[in-house]
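The structure appears right after this line, and notes come after that.
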Amino acid sequence: MRKYTVLALLAGVLAIAPMSRADDALYKSLGGKKAIVAVVDDFVGRCAMDPKISSFFADDVKDPKRLAKFKTNLVNQICQAAGGPCKYTGKDMKTAHAGMGITSADFTALVGDLVASLDKFKVKEADKNALLGVLGPMKSDIVTK
Ligand code: HEM
């Protein structure tokens, strides 16, 4: 009986080990935290300059502390979503964007800016799609108009 318990435990460990390796595959492939910080810096800069959506980010542009907090939240959110060792402590997406009146076109514009940043840093097509696949489903909580 004990022998089977040990075998069962061993089988469990062997089954979980490759899974946990795969869990942070996207984080690693993106290049880790440093690369995510670089992408988010570029991405937020693009959003703030994008005439389609820049008005949403006017308060951030005016307030460096607010901008820094926003970027930190975004970095942690993307890092955690990619399986990295970060913890997102910001608001949930519905609360964070409540009352902003974000449209589907605004959402598309923001995703376009993100893709431009990912392309600038030569993020692989598969990683880009994987990341967009994680963020895409958040649309229904963000678009309210
Ligand atoms: C998948 C798409 C999106 C993601 C992952 C995302 C993520 C975030 C996160 C993590 C925050 C910070 C929440 C907090 O402070 O606790 C935030 C805030 C915000 N988001 Fe989004 N967002 C998305 C789409 C959009 C869109 C489409 C717009 C407008 C065009 C937008 C405008 C803003 C603004 C203005 C803030 C407040 C920034 C501040 O605190 O100063 N977001 N978003």
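Given the structure is predicted, the values throughout are model-derived calculations rather than measurements. Read the numbers this way: they start at 1 and go in the same order the structure lists the ligands and their atoms.
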(message) With heavy-atom distances below 4.0 Å as the criterion, list the atoms of ligand 1 near Ala96.
(response) 13 (C)
(message) Tell me whether Asp106 contacts the main-chain N or O of Thr103 through its side chain, where contact means a donor paired with an acceptor under 3.5 Å.
(response) yes
(message) Taking the basic N atoms (NZ, or NE/NH1/NH2) and the acidic carboxylate oxygens, is any pair closer than 4.0 Å for Lys124 and Asp127?
(response) yes
(request) Look at atom 13 (C) of ligand 1 and say which protein heavy atom is nearest, naming residue and atom and giving the distance to 0.1 Å. (result) Tyr88 OH, 3.5 Å
(message) Which option wins on minimum heavy-atom distance to atom 6 (C) of ligand 1: Lys62, Met93, Lys91, Lys65?
(response) Met93
(request) Could you tell me whether a side-chain N or O of Gln80 sits under 3.5 Å from a main-chain N or O of Tyr88, the two making a donor and an acceptor? (result) yes
(request) Check each atom of ligand 1 against the heavy atoms of Arg66 and keep those under 4.0 Å away; list them by number with element. (result) 39 (C), 40 (O), 41 (O)
(message) Are there over 12 heavy-atom neighbours, none belonging to Met49, within less than 6.0 Å of that residue's CE?
(response) no
(request) From atom 25 (C) of ligand 1, work out which of Leu110, Val61, Thr95, Leu114 has a heavy atom at the shortest distance. (result) Leu110
(message) Taking a cutoff of less than 4.0 Å between a non-hydrogen atom of the residue and any ligand atom, is Ile53 in contact with ligand 1?
(response) yes
(message) Only heavy atoms of Ile102, strictly under 4.0 Å: list the atoms of ligand 1 that pass.
(response) 26 (C), 27 (C), 28 (C), 29 (C), 31 (C)
(message) Going by the closest heavy atom to atom 37 (C) of ligand 1, which one wins out of Met138, His97, Met100?
(response) Met100
(request) Answer yes or no for Lys139: is there a heavy-atom contact with ligand 1 below 4.0 Å? (result) no
(request) Among all protein heavy atoms, pick out the one at the shortest distance from atom 3 (C) of ligand 1; state its residue, atom name and that distance to 0.1 Å. (result) Ile142 CD1, 3.5 Å
(request) Check whether the side chains of Lys94 and Ser140 place a donor and an acceptor atom closer than 3.5 Å, and report yes or no. (result) no
(request) Would you mind checking if Lys71 and Asp60 are paired as a salt bridge, meaning a charged N to carboxylate O distance below 4.0 Å? (result) no
(message) Counting non-hydrogen protein atoms only, what is the nearest one to atom 5 (C) of ligand 1? Give residue, atom name and distance.
(response) Gln77 OE1, 3.3 Å
(message) Under a 4.0 angstrom heavy-atom cut-off, which atoms of ligand 1 come close to Gly90?
(response) 16 (O)
(request) Using a strict cut-off of 4.0 Å, indicate which atoms of ligand 1 neighbour a heavy atom of Asn73. (result) 14 (C), 15 (O), 16 (O)
(message) With nothing but distance in play, are any N or O atoms of Asp60 less than 3.5 Å from an N or O of ligand 1?
(response) yes
(request) Give a yes or no on whether Lys128 atom NZ has more than 12 heavy-atom contacts from other residues, nucleotides or ligands under 6.0 Å away. (result) yes
(message) Would you say that Ile102 contacts Lys145 through its side chain, given a criterion of any heavy-atom pair below 4.5 Å between the two side chains?
(response) no
(message) I'd like the name of whichever of Phe56, Phe107, Phe57, Phe70 reaches closest to atom 27 (C) of ligand 1 through any heavy atom.
(response) Phe107
(request) Considering only NZ, NE, NH1 and NH2 on the basic side and carboxylate oxygens on the acidic side, decide whether Lys28 and Asp24 come within less than 4.0 Å. (result) yes
